[in-house]
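Comments concern the structure below.
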Amino acid sequence: MTAPEPEPQPEPGPERGDGVAVPERGAWLRRGISRNGGALVEDRDDEVVWLQAGPYYADSRGFAGTTSFDGSQVRFHHLTGEPGDDTGTLRWDGANLVERGTNPNGSTFLEIWTPLPGAEGGAGSWSGPDHHVVRVGRHVVHVDSRAGTYWRL
């Protein structure tokens with residue numbers, strides 16, 4: 001006698017309310033993105049980095065601020081750089097984070113984030129008029145009103 005096939009499970013998403021909180025600390029490299037339900041496109045030429053130090057984050061695409069979690073969805077509050085907030089869910093896929101969400105303009109996205117080596121060591125966040133900096137280990141992202149910049153120490 002064989003065991004019955006397990007029922008297929010729906011993909012996690014905002015409607016299911018089963019997202020996880022943003023890790024307290026991390027350095028992440030984006031491996032791919034899907035926009036508005038399209039095909040997943042691998043990042044080959046772009047080096048998109050997201051750093052998280054406590055509630056503060058910086059994204060090398062040019063926005064930084066704070067994150068919040070309501071028990072199912074994560075909100076990235078843009079306080080510096082590109083205006084608006086991103087809202088979505090995170091789920092673990094092995095060591096990677098899968099993010100599904102909505103941009104300030106209403107478009108949707110799915111992003112695959114993989115941890116960067118060298119995230120051990122000091123971490124922190126600093127801000128001032130028109131800039132925000134986050135460091136996690138050997139990784140630093142600086143965001144101002146013009147751009148985001150990533151450095152590896």
Side-chain angles (χ1 to χ4, degrees), residues 9-38 40-43 46-128 130-145 147-153:
Q9 297 296 311
E11 278 292 307
E15 67 282 351
R16 295 252 342 257
D18 57 359
V20 298
V22 171
E24 282 288 313
R25 172 195 172 103
W28 306 90
L29 176 66
R30 190 179 74 185
R31 291 295 186 193
I33 184 168
S34 167
R35 298 180 195 281
N36 296 314
L40 185 67
V41 177
E42 290 185 35
D43 287 328
D46 293 336
E47 187 173 50
V48 177
V49 173
W50 155 39
L51 301 181
Q52 187 77 35
Y56 301 100
Y57 78 92
D59 188 302
S60 65
R61 290 172 286 185
F63 49 94
T66 61
T67 56
S68 62
F69 181 63
D70 69 6
S72 65
Q73 291 190 306
V74 172
R75 177 161 293 203
F76 290 86
H77 306 277
H78 299 205
L79 302 177
T80 305
E82 183 180 305
D85 291 353
D86 299 326
T87 303
T89 59
L90 293 173
R91 71 172 172 87
W92 290 103
D93 182 10
N96 295 333
L97 274 172
V98 177
E99 179 184 5
R100 292 178 186 268
T102 305
N103 291 310
N105 66 4
S107 63
T108 62
F109 63 89
L110 177 142
E111 293 176 306
I112 310 296
W113 297 94
T114 190
L116 282 166
E120 309 79 24
S125 173
W126 301 267
S127 63
D130 190 41
H131 74 276
H132 195 100
V133 178
V134 174
R135 176 184 177 195
V136 177
R138 295 179 28 219
H139 308 282
V140 177
V141 172
H142 172 273
V143 175
D144 59 33
S145 62
T149 307
Y150 167 63
W151 294 286
R152 193 168 316 159
L153 304 175

Check: Donor-acceptor pair, His142 side chain versus Ala147 backbone, under 3.5 Å?
Finding: no
Margin query: Could you check whether any side-chain N or O of Asn105 sits under 3.5 Å from a backbone N or O of Ser107, counting only pairs where one atom can act as donor and the other as acceptor?
Written below: yes
Next item on the list: Could you check Arg75 against Thr87 for side-chain hydrogen bond (donor to acceptor under 3.5 Å, both in side chains), going step by step and ending with a plain yes or no?
Entry: CA-CA 4 Å; Arg75 177 161 293 203; Thr87 303; 3.0 Å; yes
Next item on the list: Could you check Val49 against Leu116 for side chain to side chain contact (heavy atoms under 4.5 Å, CB included), going step by step and ending with a plain yes or no?
Entry: CA-CA 9 Å; Val49 173; Leu116 282 166; 3.9 Å; yes
Notebook entry, point to check: Which atom names give the shortest non-hydrogen contact between Val20 and Val74, and what distance separates them?
Noted result: O-CG2, 3.6 Å
Check: Going from OG1 on Thr66 to NE2 on His78, what distance comes out if it is rounded to the nearest 0.5 angstrom?
Finding: 10.0 Å
Next item on the list: Name all residues meeting the side chain to side chain donor-acceptor pair (under 3.5 Å) criterion together with Glu99; count only those two or more places apart in sequence or in a different chain, and write none if there are none.
Entry: Trp113
Notebook entry, point to check: So, Ser68 and His77: side-chain donor and acceptor under 3.5 Å apart, yes or no?
Noted result: yes
Margin query: Run the side chain to side chain contact (heavy atoms under 4.5 Å, CB included) test on Arg25 and Gln52 for me, step by step, so that the C-alpha distance in whole Å, both residues' side-chain angles and the decisive distance to 0.1 Å come before the verdict.
Written below: CA-CA 5 Å; Arg25 172 195 172 103; Gln52 187 77 35; over 6 Å; no
Check: So, do Val140 and Val133 sit near enough that their side-chain heavy atoms are less than 4.5 Å apart?
Finding: yes
Notebook entry, point to check: Quick one: do the Ser72 and Asp70 side chains pair a donor with an acceptor below 3.5 Å?
Noted result: yes
Item checked: Ala58 versus Ala64, closest heavy-atom pair with distance -> CA-CB, 3.8 Å
Check: Is a side-chain donor or acceptor of Arg91 paired with a backbone partner of Asp93 at a separation under 3.5 angstrom?
Finding: no
Notebook entry, point to check: Can you check whether Pro23 reaches Trp92 side chain to side chain, under 4.5 Å on heavy atoms?
Noted result: yes
Next item on the list: Nearest 0.5 Å please: distance from the CG atom of Leu90 over to the CG atom of Leu97.
Entry: 5.5 Å
Check: Stepwise, does the side chain to side chain contact (heavy atoms under 4.5 Å, CB included) test hold for Tyr57 with Val22?
Finding: CA-CA 10 Å; Tyr57 78 92; Val22 171; over 6 Å; no
Note to self: According to side chain to side chain donor-acceptor pair (under 3.5 Å), who are the partners of Asn96, at least two apart in sequence or on a separate chain?
What the structure shows: Thr114
Note to self: Can you give me the closest heavy-atom contact between Ser127 and His132, atom names plus distance?
What the structure shows: CB-ND1, 3.4 Å
Next item on the list: May I have the step-by-step check of side chain to side chain contact (heavy atoms under 4.5 Å, CB included) for Phe76 and Trp50, ending in yes or no?
Entry: CA-CA 11 Å; Phe76 290 86; Trp50 155 39; 3.9 Å; yes
Notebook entry, point to check: Among Arg31, Arg30, Arg61, whose salt bridge (charged side-chain N to carboxylate O under 4.0 Å, His left out) with Asp43 holds?
Noted result: Arg30
Item checked: Glu47 and Arg152, any side-chain heavy atoms less than 4.5 Å apart -> yes
Next item on the list: Would you indicate whether the side-chain heavy atoms of Phe109 and Arg100 approach each other to under 4.5 Å?
Entry: no
Next item on the list: With rounding to the nearest 0.5 Å, note down the distance linking CD1 in Ile112 to CG in Leu40.
Entry: 5.5 Å
Next item on the list: Test His131 against Thr80 for side-chain hydrogen bond (donor to acceptor under 3.5 Å, both in side chains), laying out the working first.
Entry: CA-CA 6 Å; His131 74 276; Thr80 305; over 6 Å; no
Item checked: Side chain to side chain, Thr102 and Asp86, heavy atoms closer than 4.5 Å -> no
Margin query: I'd like to know if Arg35 and Glu111 make a salt bridge, using a cut-off of under 4.0 Å between side-chain N and carboxylate O.
Written below: no
Check: Do we see a donor-acceptor contact under 3.5 Å between the side chains of Ser145 and Asp130?
Finding: yes
Margin query: Counting only heavy atoms from other residues, nucleotides and ligands, does the tally under 6.0 Å from OH of Tyr150 exceed 12?
Written below: yes
Next item on the list: Starting at CZ of Phe63, measure out to CG of Asp85 and round the result to the nearest 0.5 Å.
Entry: 10.5 Å
Item checked: Heavy-atom side-chain contact between Val98 and Leu110 under 4.5 Å -> yes
Check: Any idea which heavy atoms bring Ala53 and Val136 closest together, and the distance?
Finding: CB-CG2, 4.4 Å
